[in-house]
Amino acid sequence: VHADDQTFTLNHLDVLYLGQGSRNIRFESNESSDALFYLLSAPARHAYPIAFKTKSEATPVKLGLQDTANSRTVYKYIFFEGIKSCQLVMGLTVLEPGNVWNTMPPHTHERRMEAYVYFNMDDQHRVCHFMGTPDKTRHLWVKNLQAIISPPWSIHSGCGTSSYGFVWGMAGENKDYTDMDIIDIKDVK
């Protein structure tokens, strides 16, 4: 990635933050296969500097249990203690082999929206992404590299036919990663 007369070499699951006012941005692949980029953008009222973080530099948080099929690691990149941004929070979640559930218990974010892209799925596998109000959920069958937009009032969770990963990005008035309204699973319909 070229930006502001700088060049950054990104490997799989590395993150580059380009703040407000970044110029002369260009993407290219230096591999034998085409690179895939997932871009998130949110309005900004303050310019933060360009920042680069590898997956090994991200802040990992282990969540879930093998017994409930949701053992996973959340890697936080853009958040209060990580890369600074105006209103964007971003990271990725990777499920451990043999685990299929994400974001349990389901929750909402009243003061921000969230967008996902699912990855690391073979063609024959899918994730059933749950969304909607807690008392009236809906679902979408998602294949590899498909994206979902989740509004603030919607729960979000998913269950796959195999383990997978997803990049998540949130934008809104609150950048606190833990600001969520947990929904008791017995109340989800």
Side-chain angles (χ1 to χ4, degrees), residues 1-44 46-64 66 70-100 102-103 109 112-122 125 127 142 144-150 156 158 160 162-172 174-180:
V1 178
H2 305 276
D4 289 350
D5 300 321
Q6 299 178 68
T7 300
F8 301 89
T9 301
L10 281 73
N11 291 308
H12 185 60
L13 305 182
D14 290 347
V15 168
L16 179 63
Y17 173 79
L18 302 176
Q20 177 190 43
S22 295
R23 302 277 185 260
N24 302 318
I25 300 164
R26 187 167 46 94
F27 300 88
E28 66 181 51
S29 179
N30 60 2
E31 304 266 333
S32 58
S33 61
D34 291 334
L36 293 173
F37 296 97
Y38 179 59
L39 306 176
L40 295 168
S41 181
H46 176 78
Y48 286 94
I50 292 174
F52 173 73
K53 193 172 282 249
T54 65
K55 183 182 174 214
S56 64
E57 295 169 325
T59 302
V61 178
K62 297 274 188 189
L63 296 172
Q66 186 70 34
N70 68 353
S71 181
R72 63 201 187 273
T73 303
V74 173
Y75 295 91
K76 298 188 292 183
Y77 292 83
I78 304 172
F79 67 113
F80 277 131
E81 295 85 24
I83 295 173
K84 305 294 183 234
S85 80
C86 196
Q87 66 171 342
L88 189 63
V89 178
M90 181 264 163
L92 62 97
T93 300
V94 177
L95 277 74
E96 300 299 329
N99 288 266
V100 293
N102 74 64
T103 318
H109 299 285
R112 61 185 180 217
M113 59 72 62
E114 192 161 3
Y116 302 85
V117 66
Y118 287 95
F119 65 92
N120 280 357
M121 284 188 285
D122 292 333
H125 291 287
V127 170
V142 183
N144 195 47
L145 300 179
Q146 283 190 312
I148 300 287
I149 296 174
S150 182
H156 43 276
S162 70
S163 57
Y164 53 92
F166 60 97
V167 177
W168 48 265
M170 296 180 270
N174 188 339
K175 295 188 300 181
D176 180 3
Y177 171 79
T178 61
D179 180 30
M180 58 187 80

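Just so it is clear, the model here is predicted, and its values are computed rather than measured. These numbers come from the heavy atoms of this one structure, side chains and all, not from hydrogens, waters or symmetry mates.
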**Request:** Answer yes or no: is there a donor N or O on one side and an acceptor on the other, between the side chain of Asn24 and the main chain of Ala3, under 3.5 Å?
**Result:** no
**Message:** Please report the interatomic distance CG(Leu36) to NE2(His12), rounded to the nearest 0.5 Å.
**Reply:** 9.5 Å
**Complete:** The reported gap from CZ in Phe79 to NZ in Lys84 (rounded to nearest 0.5 angstrom) is 7.5 Å
**Request:** Report the C-alpha separation of Leu16 and Ile50 in whole Å, then their side-chain angles, then the decisive distance to 0.1 Å, and conclude whether the side chain to side chain contact (heavy atoms under 4.5 Å, CB included) test is met.
**Result:** CA-CA 7 Å; Leu16 179 63; Ile50 292 174; 3.8 Å; yes
**Prompt:** Under the side chain to side chain contact (heavy atoms under 4.5 Å, CB included) criterion, do Leu145 and Tyr38 qualify, and how do the steps go?
**Reply:** CA-CA 9 Å; Leu145 300 179; Tyr38 179 59; over 6 Å; no
**Complete:** In short, Ser22 meets Gly19 closest at the heavy-atom pair OG-O, 2.8 Å
**Request:** Show your reasoning for whether side chain to side chain contact (heavy atoms under 4.5 Å, CB included) applies to Met90 and Tyr17.
**Result:** CA-CA 10 Å; Met90 181 264 163; Tyr17 173 79; over 6 Å; no
**Asked** Out of curiosity, Phe166 CZ to Ile148 CD1, how far, rounded to the nearest 0.5 Å?
**Response** 11.5 Å
**Whether Tyr116 and Tyr118 hold their rings parallel, tilted or perpendicular, with breakpoints at 30° and 60°** = parallel
**Prompt:** Quick one: CD1 on Ile25 to CG on Asp4, what's the gap to the nearest 0.5 Å?
**Reply:** 7.0 Å
**Item:** Glu96 side chain to Ser71 backbone, donor-acceptor under 3.5 Å
**Value:** no
**Message:** For Ala42 versus Leu88, what's the shortest heavy-atom pair and its separation?
**Reply:** CB-CD1, 4.4 Å
**Message:** Is the shortest side-chain heavy-atom distance between Leu13 and Phe119 below 4.5 Å?
**Reply:** yes
**Item:** For the student: nearest non-hydrogen atoms of Met121 and Val142, plus distance
**Value:** CE-O, 3.9 Å
**Shortest non-hydrogen contact from Pro60 toward Thr73** = CB-CG2, 3.9 Å
**Message:** Main chain of Asn120, side chain of Asn144: is a donor-acceptor contact present, judged purely on distance under 3.5 Å?
**Reply:** yes
**Request:** Measure the spacing between CD of Gln20 and OG of Ser85 and express it to the nearest 0.5 Å.
**Result:** 11.5 Å
**Message:** Under the side chain to side chain contact (heavy atoms under 4.5 Å, CB included) test against Tyr164, which residue among Asn99, Asn102, Val94 passes?
**Reply:** Asn102
**Prompt:** Should Thr59 and Glu81 count as side-chain neighbours, where that means a heavy-atom distance under 4.5 Å?
**Reply:** no
**Request:** Write down the atom of Pro43, the atom of Cys86, and the distance for their closest heavy-atom approach.
**Result:** O-CB, 4.5 Å
**Request:** Test Leu63 against Val74 for side chain to side chain contact (heavy atoms under 4.5 Å, CB included), laying out the working first.
**Result:** CA-CA 7 Å; Leu63 296 172; Val74 173; 3.6 Å; yes
**Fill in**
d(Tyr77 OH, Trp168 CH2) to nearest 0.5 Å is 10.0 Å
**Item:** Smallest separation among heavy atoms of Lys53 and Gly82, with atom names
**Value:** NZ-CA, 4.4 Å
